[in-house]
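Counting convention: from 1, in listed order, for ligands and their atoms alike.
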Amino acid sequence: MVEWSDSERSIIAGIFSGLDYNDIGPKALSRCLIVYPWTQRYFGAFGNLFNAEAIKTNPNIAAHGVKVLHGLDRAVKNMDSIKETYAELSVLHSEKLHVDPDNFKLLADCLSIVVAGKMGNAFTPEIQAAFQKFLATVVSALGRQYH
Ligand code: HNI
């Protein structure tokens with residue numbers, strides 16, 4: 001099990017309490033689809049993904065970005081059982097959605113970049129270290145039910 005220090009816990013709680021999900025979620029997901037275009041294949045039913053502008057203004061993508069952040073919220077609230085918390089979501093992404101688990105890391109990296117851009121100088125190395133550890137734990141948990 002991943003161990004969290006008090007400082008890491010408060011950093012993670014602090015980052016998420018300051019996040020505007022409606023802004024950050026869409027930006028992180030659309031960035032992932034633009035930077036790593038092969039990730040678009042899972043969103044064929046989401047409408048126009050023709051170019052970067054279309055992706056950034058696609059309301060279905062925006063809504064899904066918000067949904068993903070709410071999904072992350074569950075890990076924030078269950079820091080000591082992230083693996084169990086995501087067991088079902090991992091099965092869904094594996095068996096039903098057939099999402100290549102490498103993509104979890106790509107989306108996590110895009111989220112880091114968007115959060116860093118938003119926080120500016122406040123995104124110190126210490127804050128980044130805790131955030132990367134949190135995201136790595138999430139990525140690992142989401143990849144757990146693949147076989
Ligand atoms: Ni993901 C559905 C959370 C990464 C493609 N995803 C969900 C749902 C949540 C979620 C929550 C809604 C589940 C439900 O309806 O019960 N996804 C997360 C999280 C991450 C993640 C927390 C990683 C940080 N998902 C990804 C990635 C891809 C992805 C990287 C593809 C590149 N997810 C999907 C697709 C759906 C989905 C596709 C179904 C969307 C729909 O509505 O049809």
Could you please spell out the steps behind the salt bridge (charged side-chain N to carboxylate O under 4.0 Å, His left out) verdict for Asp23 and Lys118?
-> CA-CA 10 Å; Asp23 178 40; Lys118 195 80 191 173; 3.1 Å; yes

For atom 42 (O) of ligand 1, closest protein heavy-atom neighbour | Phe46 CZ, 3.9 Å

So which protein heavy atom does atom 30 (C) of ligand 1 come closest to, and at what separation?
-> Asn103 O, 3.3 Å

Residue list, salt bridge (charged side-chain N to carboxylate O under 4.0 Å, His left out) with Arg9, at least two apart or on another chain | Asp80

Judged by atom type as modelled, is there a donor-acceptor pair below 3.5 Å linking the side chain of Asn58 to the main-chain atoms of Phe46?
-> yes

Distance from Asn78 atom CG to Asp73 atom CG, nearest 0.5 Å?
-> 10.0 Å

At their closest point, which heavy atom of Ala130 faces which heavy atom of Trp4, and how far apart are they?
-> O-CZ3, 4.4 Å

In the protein, what heavy atom is nearest to atom 5 (C) of ligand 1, and what distance, to one decimal place, separates them?
-> Phe43 CZ, 3.5 Å

What protein N/O/S atoms sit under 2.8 Å from atom 1 (Ni) of ligand 1, by chain and number?
-> His93 NE2

closest protein heavy atom to atom 20 (C) of ligand 1 is Leu142 CD1, 3.6 Å

Is a side-chain donor or acceptor of Tyr146 paired with a backbone partner of His93 at a separation under 3.5 angstrom?
-> yes

Please check if the side chain of Ser94 supplies one atom and the backbone of Ser90 the other of a donor-acceptor pair under 3.5 Å.
-> no

What residue and atom, counting heavy atoms only, is the protein's closest point to atom 32 (C) of ligand 1, and at what distance?
-> Tyr42 CD1, 3.5 Å

Could you tell me whether a side-chain N or O of Tyr86 sits under 3.5 Å from a main-chain N or O of Gly71, the two making a donor and an acceptor?
-> yes

